[in-house]
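The model shown is predicted, which means the values in this text are computed figures rather than measured ones.
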Amino acid sequence: MTAQIAYADVEVGTELPARTFPVDRERLIRYAGASGDFNPIHWNERFAKDVGLPNVIAHGMFTMAEAARVITDWTGDPGALVEYGVRFTKPVVVPDDGQGAAVEVAAKVAKKLDDEARTVQVDLTVSSAGAKVLGMSRAVVRLA
């Protein structure tokens with residue numbers, strides 16, 4: 001695959017299409033099975049509350065991966081994501097109420113890094129229930 005967005009067509013400040021990702025208990029259990037992370041804070045409400053959490057929380061890596069989808073969907077090529085890092089700032093609390101939670105992601109091109117390599121830095125803003133859940137969320141993306 002090749003990125004569908006051309007480096008020459010992107011300017012600093014270009015906004016990527018914002019997305020909202022639903023997070024419910026079923027998704028957390030599926031992610032636990034795929035990742036092998038069966039920590040009970042991600043599926044057992046009683047356990048999560050016993051250790052001081054408000055409720056079950058989403059896996060940090062799940063949240064990080066959902067946010068990255070904004071970039072990979074924009075480029076049309078998962079391989080275009082060259083570097084990606086975040087700081088986990090707050091958990092995504094997932095109630096068992098039939099609706100769960102939502103992760104809202106906005107992103108924009110912060111810098112054009114290298115004309116020859118066609119790379120840009122994309123900064124992401126990731127929140128849930130009005131709170132920023134990922135800080136310093138940045139990616140380096142290679143464009144067409």
- Query: What's the verdict on side-chain contact (heavy atoms from CB on, under 4.5 Å) for Arg25 and Glu45, showing C-alpha distance, side-chain angles and the deciding distance?
  - Reply: CA-CA 10 Å; Arg25 299 284 178 91; Glu45 186 171 332; 3.2 Å; yes
Mind listing the closest non-hydrogen atom pair of [X] and [Y] along with its distance?
X	Y	value
Leu143	Ile5	CB-O, 3.3 Å
Ser128	Ala102	OG-O, 2.8 Å
Ala101	Val93	CB-O, 3.3 Å
Thr72	Pro78	CG2-CA, 3.7 Å
Ser137	Leu134	CB-CB, 4.4 Å
Ala58	Thr63	CB-OG1, 3.9 Å

Kindly work out whether a path of hydrophobic side-chain contacts (I/L/V/M/F/W/Y, heavy atoms less than 4.5 Å apart) joins [X] to [Y].
X	Y	result
Trp74	Val140	no
Met61	Val23	yes
Val120	Tyr84	yes
Val122	Val10	yes
Val94	Phe21	yes

- Message: Any carboxylate oxygen within less than 4.0 angstrom of a Lys/Arg side-chain nitrogen, looking at Glu66 and Arg19?
- Response: no
Spatial distance of atom [atom1] ([X]) from atom [atom2] ([Y]) [nearest 0.5 Å]:
X	Y	atom1	atom2	result
Ile71	Leu81	CD1	CG	5.5 Å
Asp37	Asn39	CG	CG	6.0 Å
Asp123	Thr125	CG	OG1	7.5 Å
Leu124	Lys132	CG	NZ	10.5 Å
Ile29	His42	CD1	NE2	12.0 Å
Met64	Phe88	CE	CZ	5.5 Å

Does atom [atom1] of [X] have more than 12 heavy-atom neighbours from other groups under 6.0 Å away?
X	atom1	result
Lys112	NZ	yes
Arg69	CZ	yes
Arg142	CZ	no

- Message: Parallel, tilted or perpendicular, judged at 30° and 60°: which one describes the rings of Phe62 and Tyr31?
- Response: perpendicular
Below 4.5 Å, heavy atoms only, C-beta onward: do [X] and [Y] meet side chain to side chain?
X	Y	value
Val141	Thr75	yes
Pro54	Lys49	no
Asn44	Val56	no

- Message: Between Leu53 and Ile41, does the side-chain contact (heavy atoms from CB on, under 4.5 Å) criterion hold? Intermediate values first, please.
- Response: CA-CA 8 Å; Leu53 294 168; Ile41 64 173; 3.8 Å; yes
- Message: Using a 3.5 Å distance criterion without hydrogens, assess whether the side chain of Trp43 forms a donor-acceptor pair with backbone atoms of Phe38.
- Response: yes
- Modelled atom types, side-chain donor and acceptor of Glu104 and Ser127, under 3.5 Å: yes
